[in-house]
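Notes follow once the structure below has been shown.
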Amino acid sequence: MRPGRTSTRRWRTAAVVLLAGLSLLAIDGAAMAAGGAAGSTQGERSARFATFNASLNRAVEGELVADLSTPDDVQAQAVAEVIQRVRPDVLLINEFDFDAEGLAARLFQQNYLSVGHNGARPIAYRYRFVAPSNTGIPSGFDLDNNGAVGGPNDAFGFGAYPGQFGMAVYSRYPILRHHVRTFQHFLWKDMPGALLPDDPATPAPADWYSAEELAVFRLSSKSHWDVPVLVGGKVIHTLVSHPTPPVFDGPEDRNGTRNHDEMRLWADYVLRSRSGYIYDDAGKRGGLEPGARFVIMGDQNADPLDGDSVAQAAQQLLDNPRVNTSLTPTSPGGPEQAVLQGGANLTHRGDPAFDTADFVDVPGPGNLRADYVLPSKNLKLLDGAVFWPLSTDPLFRLVGVFPFPTSDHRLVWVDVRAPGHR
C-alpha cells in the first residue's frame with residue numbers, strides 16, 4: 001500500500017500533546033458507552049444506523065453455524081457486547097458467513113445478542129435479512145491469470161467456499177422484504193465507463209479479463225443490497241455492501257479498480273440521472289426515486305486520503321450531492337492508537353479521529369477510515385461515533401490490539417431524525 005507523503009511534524013506535535021495528557025484521562029466505561037447507548041439525541045427522536053465488519057467469518061463452511069450454536073464463542077460474545085453497548089436500530093454486519101437457511105444469523109441473535117454480556121443489556125432484532133454472496137462461487141475461469149483455474153482468487157468474489165465473508169442486516173424496524181433489491185449478478189462490463197483492469201504486458205487497453213470472462217464477471221465481490229426499512233411510517237433504503245480490498249493483486253490493480261466501481265454503483269444508484277443502466281437480480285432497472293431516503297452502509301475498504309485505493313474512490317460517496325456529510329463519526333481511540341503504533345500512521349493525511357480500521361503499520365497502510373454510514377441529505381444527522389475507546393477506558397478490552405478480541409474494524413454509527421418524529 002502507498003501511505004501518504006506529508007510531513008510528520010503534525011504527528012510529532014500530536015504525539016507530545018496526546019501522550020502527555022493520557023495520564024490525566026480517566027474515561028469512565030459507562031460514560032463512554034452512553035454515547036453509543038442512547039436511542040435519542042438532544043431530546044429528538046432518532047434512529048441509529050450502524051455498520052460493523054465483525055470478522056465473524058470462518059475458514060471452513062459451516063464452522064460459523066457450529067460456533068454460534070452454543071453461547072460459548074469468546075469472539076462472538078465480544079462482538080455481541082459491542083453491539084449491545086452501541087444499541088443500533090439498524091445494523092449491517094460485514095464478514096458474516098452466509099448459509100442458505102439463515103441459521104447463523106438466527107443463532108447469533110438467540111445465543112449472543114439476546115444474552116447480556118458484562119452488564120450490557122440484551123438487544124433483540126425482530127427483523128433480519130441475509131442473501132447469497134459472490135464470495136467463493138467458482139467462476140470457471142482463471143481470473144487471476146496464474147495459469148490455473150480454481151481456488152479463492154478465481155471465484156466471483158474472493159472466498160474458500162460460497163458465502164464466506166458474507167453480510168447480514170439486523171433491524172428493530174420492519175424490513176419490507178418484498179421490496180428488497182439485490183445486485184449480486186450485475187455484470188461489471190455493464191457499467192458505462194467501468195474501470196476495467198489493464199494487462200500492462202500487452203498493448204491493448206483494459207484487457208486483463210478476456211471477453212469470455214467479462215461476459216460473466218460480476219461487479220460485486222459480495223453483493224449490493226437495497227434493504228428498505230419502515231421508520232416512523234416512512235421508508236429508509238438501507239444500501240449495504242462490502243467492496244473488495246484494493247490490494248492483493250498486481251500492477252493491473254484489478255482489485256483496486258473493482259473496489260472503485262463497487263462504490264460507484266451506490267453513487268450512481270442514488271442519482272436518477274446516472275442510474276438508468278443499473279439492473280437488479282429480478283431484472284428491474286434504475287435506482288432510487290428523487291426524494292427517497294437512504295443510508296449507505298458498509299466496509300468500503302477505501303480511505304479518502306490514505307492507503308491504496310484508487311484516487312477519489314471514497315469521494316464518489318462523500319462528495320455525492322445526495323449524501324449528508326455534515327457530521328463525520330469520530331473516536332478518541334483512533335488518534336491515540338495512531339500515535340502509539342506509529343509507522344505509516346505518521347505520514348497519513350487524514351484525521352486519525354475518523355479511522356475505523358486498525359491495520360498493520362510497518363509494513364502496511366496503517367489505520368484507515370474504511371467503514372461508513374452515510375445518510376441522505378433529507379435525513380437530519382443528529383450524532384455519530386466510531387466505537388474505539390481510549391486504552392484507559394474499561395471498554396477498550398472489546399477492541400484491543402492485535403490479535404483483536406473482536407475485529408480489526410470498529411463499529412461506526414450515526415443517529416438520524418426518524419421520519420414522522422419532531
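Residues take their numbers from the sequence shown, with the count starting at 1.
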With a 4.5 Å heavy-atom cut-off, do [X] and [Y] have their side chains touching?
X	Y	answer
R106	E101	no
L113	F108	yes
F354	V386	no
M297	V240	yes
N153	R254	yes
N118	R85	yes

Classify the ring geometry between Y279 and F186 as parallel (under 30°), tilted (30 to 60°) or perpendicular (over 60°).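 Correct class here is tilted.
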Using 30° and 60° as the class boundaries, would you call the ring planes of Y269 and F183 parallel, tilted or perpendicular?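 Ring orientation, 0 to 90° scale: perpendicular.
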Is any NZ, NE, NH1 or NH2 atom of the basic residue among R264 and D268 found under 4.0 Å from an Asp or Glu carboxylate oxygen of the other?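 A salt bridge is present here (some side-chain N lies under 4.0 Å from a carboxylate O).
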I'd like to know if D415 and R48 make a salt bridge, using a cut-off of under 4.0 Å between side-chain N and carboxylate O.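 So D415 pairs with R48 through a salt bridge.
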Drop me the distance from N345's CG to L368's CG, to the nearest 0.5 angstrom.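 The CG atom of N345 sits 8.0 Å away from the CG atom of L368.
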If the test is side chain to side chain donor-acceptor pair (under 3.5 Å), which one of Q337, Q341, R410 qualifies with N367?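 The side chain to side chain donor-acceptor pair (under 3.5 Å) with N367 is passed solely by Q341 among Q337, Q341, R410.
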Say whether H185 and D281, considering side chains only, have a donor N or O and an acceptor N or O under 3.5 Å apart.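 Per modelled atom types, H185 and D281 side chains form no pair under 3.5 Å.
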Under 3.5 Å, is there a donor-acceptor pair between the T244 and E262 side chains?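 Not at all, the side chains of T244 and E262 share no donor-acceptor pair under 3.5 Å.
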Just list the side-chain donor-acceptor pairs under 3.5 Å for residues 160-167, sequence neighbours left out, or say none.
{"from": "Y161", "atom 1": "OH", "to": "R58", "atom 2": "O", "distance (Å)": "2.8"}
{"from": "Y161", "atom 1": "OH", "to": "D97", "atom 2": "OD2", "distance (Å)": "2.6"}
{"from": "Q164", "atom 1": "OE1", "to": "A160", "atom 2": "N", "distance (Å)": "2.7"}
{"from": "Q164", "atom 1": "NE2", "to": "R58", "atom 2": "O", "distance (Å)": "3.0"}

How about OH on Y277, more than 12 heavy atoms from neighbouring residues, nucleotides or ligands closer than 6.0 Å, or not?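 More than 12 within 6.0 Å, yes.
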Residue pairs fulfilling side chain to side chain donor-acceptor pair (under 3.5 Å) with at least one residue in residues 170-180, sequence neighbours excluded: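 Qualifying pairs, neighbours excluded: D89-R172.
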